[in-house]
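Contents: one structure, followed by commentary.
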2 protein chains.
Amino acid sequence: MPADPLSTTFAALADPTRRAILARLALGETSVTELGAPFQMTLPAISKHLKVLERAGLIERGRTAQWRPCRLDAGPLKEVAGWVESYRRFWDQRFDRLDDYLREVEGKAQPGTEPK
Amino acid sequence: MPADPLSTTFAALADPTRRAILARLALGETSVTELGAPFQMTLPAISKHLKVLERAGLIERGRTAQWRPCRLDAGPLKEVAGWVESYRRFWDQRFDRLDDYLREVEGKAQPGTEPK
DNA sequence: TCACTATTAAACCACCCAGTTAAATGACGC
DNA sequence: GCGTCATTTAACTGGGTGGTTTAATAGTGA
């Protein structure tokens, strides 16, 4: 239901098989069969994972003869990085005291869409 | 089923309501009722979202009287940032030519768990 | 104790997801 | 055209998820 791109990207990344596929594609374009080789899983399952990654815009697909090779498209990861970076100050120890200070000064503010 | 922490974190982030809750918590600790106020959703639904966030380690919960306030714990986001950063060179335009070069030199390597 | 507030639990629903097997599509080589 | 390889589709299953309503738990305060 939530069709927003960030949710789709996060959902696509929430599976270790799909993340492993992306890692393999980071080494270069390859075929579906070779992508599936490392996994104890049938090829239709791999094909479904690829469809999820494609809908999330994380891979692109070509058509060379009977092969439909995949290549990585890291565009959506840029938005993920941007989102997560906006929380950096919350895990970076160097800003812990600053956080306490800001929280003290600001008190309770109205809810916004993203922090900072 | 995939109980690995990174998958759990990504799955927790793959919902706009939960991301909005995190954004609200970035402004400071607050109660369940106040967290649910901006959403057209019943409180049990909010409570379930909080349980998902808690299992992912993204929030911590206290016990002050009848309130069980939530506060942000961005620890897992650090791992997310680390994972996504390993793909930075694939979306950063400045490295496009370098990518082509590396792909040419490396040819096909064996699949690893993460790139580079 | 009683009424009230804050929060969760239980039971239920519709739907999506990850996986399977079996069959279909499509391109190649002979 | 035929057999073969690469890939996808169809149909099905088990289990998780996001939401609801109703009811239970737990603390506060008179």
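Order of the sequence lines fixes the chain letters, A, B, ..., with proteins taken first and strands second; residue numbering starts at 1 for each chain.
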Using a 4.0 Å heavy-atom cut-off, does R18(A) contact any base of the nucleic acid, only the sugar-phosphate backbone, or nothing at all?
sugar-phosphate
Value in whole Å for how far the P atom of dA18(C) lies from CE of M41(A)
10 Å
Between CG of L13(B) and C1' of dG18(D) the distance, given in whole Å, is 17 Å
Give the intermediate values and the outcome of side-chain contact (heavy atoms from CB on, under 4.5 Å) for residues L58(A) and L25(A).
CA-CA 10 Å; L58(A) 286 163; L25(A) 289 177; over 6 Å; no
Quickly work out the L53(B) CG to dT7(C) P distance and round it to whole Å.
15 Å
Within the structure, does a side-chain N or O atom of H49(A) lie under 4.0 Å from either OP1 or OP2 of dG19(C)?
yes
A74(A) meets the side chain to side chain contact (heavy atoms under 4.5 Å, CB included) criterion, sequence neighbours left out, with L77(A), F90(B), W91(B)
Considering residues at least two apart in sequence or located in another chain, which fulfil the side chain to side chain contact (heavy atoms under 4.5 Å, CB included) criterion with R68(A)?
R61(A), R63(A)
Strictly under 3.5 Å: I want the nitrogen or oxygen pairs between protein and nucleotides 7-11 of chain D, one per line.
residue, atom, partner, partner atom, Å
dT7(D), OP1, V32(A), N, 3.3
dT7(D), OP2, T33(A), N, 2.7
dT7(D), OP2, T33(A), OG1, 2.1
dT8(D), OP1, R61(A), NH1, 2.6
dT8(D), OP1, R61(A), NH2, 3.2
dT8(D), OP2, S47(A), OG, 2.8
dT8(D), O5', S47(A), OG, 3.4
dT9(D), OP2, K51(A), NZ, 3.0

Show me the donor-acceptor pairs within less than 3.5 Å that the side chains of residues 44-53 of chain B make with the rest of the protein, sequence neighbours left out.
residue, atom, partner, partner atom, Å
H49(B), ND1, R18(B), NH1, 3.1

Under the rule for side chain to side chain donor-acceptor pair (under 3.5 Å), what residues qualify as partners of E85(A), not counting sequence neighbours?
R88(A)
Closer to the 5' end of DNA chain D via nearest nucleotide, is it R55(B) or Q40(B)?
R55(B)
Whole-Å distance, E29(A) CD to dA6(D) C1', equals 16 Å
Tell me, which pairs form a side-chain hydrogen bond (donor to acceptor under 3.5 Å, both in side chains) where one or both residues lie in residues 70-80 of chain B, sequence neighbours left out?
E29(B)-R71(B), E60(B)-R71(B)
Please report, rounded to the nearest Å, how far the C1' atom of dT7(C) is from the CD atom of E54(B).
13 Å
So which nucleotide from dG18(D), dA18(C), dG19(C) ends up closest to the side chain of D15(B)?
dG18(D)
